[in-house]
Amino acid sequence: MTAFNHVPVLFHETIDALNINPDGVTVDCTAGGGGHSAAVLERLSEKGRLICFDRDPDAIAVLQARFGADKRVTVVHENYGSIAAVLSSLAIPAVDSILADLGVSSYQLDEASRGFSFHQDAPLDMRMSKTGVSAAELVNTLPEDALRKILYEYGEEKFAPRIAAAIVRERQNAPILTTLQLAELVSAAYPAAARRGGHPARKTFQALRIEVNGELAELPTAIRYMFHSLKPGGRLAIISFHSLEDRIVKNTFASFTVGCTCPPDFPVCVCGKKPQGRLCFKPKTAGEQELAENQRSRSAKLRAIEKIKY
Ligand SMILES: C[S@@+](CC[C@H](N)C(=O)[O-])C[C@H]1O[C@@H](n2cnc3c(N)ncnc32)[C@H](O)[C@@H]1O
Ligand SMILES: [Zn+2]
């Protein structure tokens, strides 16, 4: 297996944003290789607790090996969308801080067999959980208009029509089963003049990965469950990796900060609604040094919200 050498982005900023209660409960929704989790553990007392989620069985094996002997840690092989149900099954009514470092890990990208990379040949898989419908099943079965829509929406790929048409043409000859088969097909479909800005398959691979893993579709509901799992005064910090993801985090957080919804000409408030959360700071991005050292930090954005204590 590829080494789990994930370099977390916005590391200190994220740990600070969590405002960790040493005796309290912290949840790492995307524990991966455990980089952020290890930093959380350094701040916990003997009484503190850390719940580590990941949907990837490879990450779970790494987390168990790394933290299994620490009595403060519970490793949970679940989608973070089930945070409320999992906490309830652990008899934890609410927690002090929650972290989500979205997207794929460097391990998932670097481990060729997972099929996320357009640089290395492997079965076209891309399933973080290793269950459900793979990228190969999507490209070989979806109607052309559905493929086009995914490439437009999740890849912001302006050549979506050409690429979708090329996929459908190719699969009539033979199924598209490997990463390089797809990468080469996309490159060939790309207009020569547009080939300068990075690998032509980058956006297509991003779009398929998002669709395969339901990354955007499930995010608003998952963020609501995370926020509702916080104690009053608790913090939720989320790192996103592209503008589509960040827009969801921003809008969902904004919905928690809305208070009174009475018409402006009402003399007094009759709805009684109060904001549930307050934003902790303006979104943070990587500084110059981190940008130079870690490719993944380029589009990373950290947002944090605190549940208001009334
Ligand atoms: C960017 S990595 C996190 C790396 C981690 N912060 C570290 O320091 O090593 C994202 C991780 O979240 C996991 N993940 C993504 N979506 C998930 C979901 N819906 N539920 C649970 N885990 C998820 C992925 O499998 C991956 O391991
Ligand atoms: Zn009102």
Side-chain angles (χ1 to χ4, degrees), residues 10 13-31 36 40 43-44 48-53 74 76 78-103 214-241 243-285 300-310:
L10 292 161
E13 293 88 341
T14 306
I15 300 299
D16 288 346
L18 292 172
N19 196 19
I20 291 167
N21 169 5
D23 299 332
V25 185
T26 294
V27 179
D28 185 347
C29 289
T30 52
H36 284 108
V40 170
R43 285 163 179 77
L44 292 185
R49 252 184 112 171
L50 170 66
I51 320 290
C52 294
F53 278 78
T74 308
V76 184
E78 286 284 351
N79 190 310
Y80 55 57
S82 16
I83 182 169
V86 169
L87 291 176
S88 142
S89 74
L90 294 171
I92 299 172
V95 304
D96 298 85
S97 28
I98 303 178
L99 154 69
D101 177 16
L102 301 175
E215 289 175 45
L216 296 179
E218 295 168 9
L219 193 54
T221 311
I223 295 175
R224 272 184 220 111
Y225 278 124
M226 290 174 197
F227 186 74
H228 290 297
S229 301
L230 288 175
K231 285 181 188 163
R235 295 262 185 112
L236 167 62
I238 302 188
I239 309 165
S240 61
F241 285 90
S243 54
L244 301 165
E245 213 168 53
D246 183 57
R247 199 175 311 147
I248 294 176
V249 179
K250 179 181 165 188
N251 293 339
T252 315
F253 277 12
S255 73
F256 303 136
T257 64
V258 177
C260 167
T261 50
C262 296
D265 55 343
F266 272 30
V268 289
C269 168
V270 295
C271 77
K273 288 184 201 150
K274 289 180 178 169
Q276 295 172 274
R278 73 164 190 91
L279 302 177
C280 302
F281 42 71
K282 290 203 178 125
K284 294 191 177 175
T285 50
K301 226 175 225 185
L302 168 68
R303 294 179 186 269
I305 190 161
E306 182 172 300
K307 190 180 253 188
I308 297 175
K309 205 187 258 181
Y310 286 106

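One-based numbering along the sequence shown.
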Value rounded to 0.5 Å, distance of CZ in Phe253 from CD1 in Ile248: 12.0 Å

Shortest non-hydrogen separation from Lys301 to Thr285 and the atoms involved: CG-CG2, 3.9 Å

Tyr80-Phe53 aromatic ring centre distance below 6.0 Å: no

OG1 on Thr26 to CG on Asn19, rounded to 0.5 Å: 10.0 Å

Min side-chain heavy-atom separation Arg49-Ile92 under 4.5 Å: yes

Stepwise side-chain contact (heavy atoms from CB on, under 4.5 Å) check, Leu99 with Thr14: CA-CA 8 Å; Leu99 154 69; Thr14 306; 3.3 Å; yes

Within residues 249-263 or reaching into it, pairs that qualify as salt bridge (charged side-chain N to carboxylate O under 4.0 Å, His left out) - sequence neighbours excluded: none

N/O donor-acceptor pairs under 3.5 Å from side chains in residues 259-284, not counting sequence neighbours:
| from | atom 1 | to | atom 2 | distance (Å) |
| --- | --- | --- | --- | --- |
| Thr261 | OG1 | Lys273 | NZ | 2.9 |
| Arg278 | NH2 | Glu306 | OE1 | 3.3 |

Using residues 214-224 as the side-chain source, report each donor-acceptor pair under 3.5 Å to any protein atom, sequence neighbours left out, with the distance given to one decimal.
| from | atom 1 | to | atom 2 | distance (Å) |
| --- | --- | --- | --- | --- |
| Glu215 | OE1 | Arg209 | NH2 | 2.6 |
| Glu215 | OE2 | Arg209 | NE | 2.9 |
| Glu218 | OE1 | Asn79 | ND2 | 3.3 |

From CA spacing to verdict: side-chain contact (heavy atoms from CB on, under 4.5 Å), Ile15, His36: CA-CA 7 Å; Ile15 300 299; His36 284 108; 4.1 Å; yes

4.5 Å side-chain heavy-atom contact, Val76 and Thr74: yes

From Cys29 atom SG to Ile238 atom CD1, the distance as rounded to the nearest 0.5 Å: 7.5 Å

Phe256 and His228 aromatic ring geometry - parallel, tilted or perpendicular at 30°/60° bounds: perpendicular

Ile98: which of Leu236, Ile51, Asp28, Leu18 passes side-chain contact (heavy atoms from CB on, under 4.5 Å): Leu236

Asp96 with Arg235: basic N within carboxylate O range, under 4.0 Å: no

Interatomic distance, Ile20 atom CD1 to Asp23 atom CG [nearest 0.5 angstrom]: 12.5 Å

Euclidean distance, Leu50 CG relative to Ser97 OG, rounded to 0.5 Å: 9.5 Å

Non-hydrogen atoms of Gly48 and Leu44 that approach each other most closely: C-CD1, 4.0 Å

Spatial distance of atom CD1 (Ile239) from atom CD (Glu13) [nearest 0.5 Å]: 9.0 Å

Closest non-hydrogen atom pair, Tyr225 against Ala84: CD2-CB, 3.8 Å

For Met226 against Ala100, the heavy-atom pair lying closest together: CE-CB, 4.2 Å

Sidechain-backbone polar pair: Lys309 side chain, Gly233 backbone, donor-acceptor under 3.5 Å: no

Exercise: identify the closest heavy-atom pair between Val249 and Arg303: CG1-CD, 3.8 Å

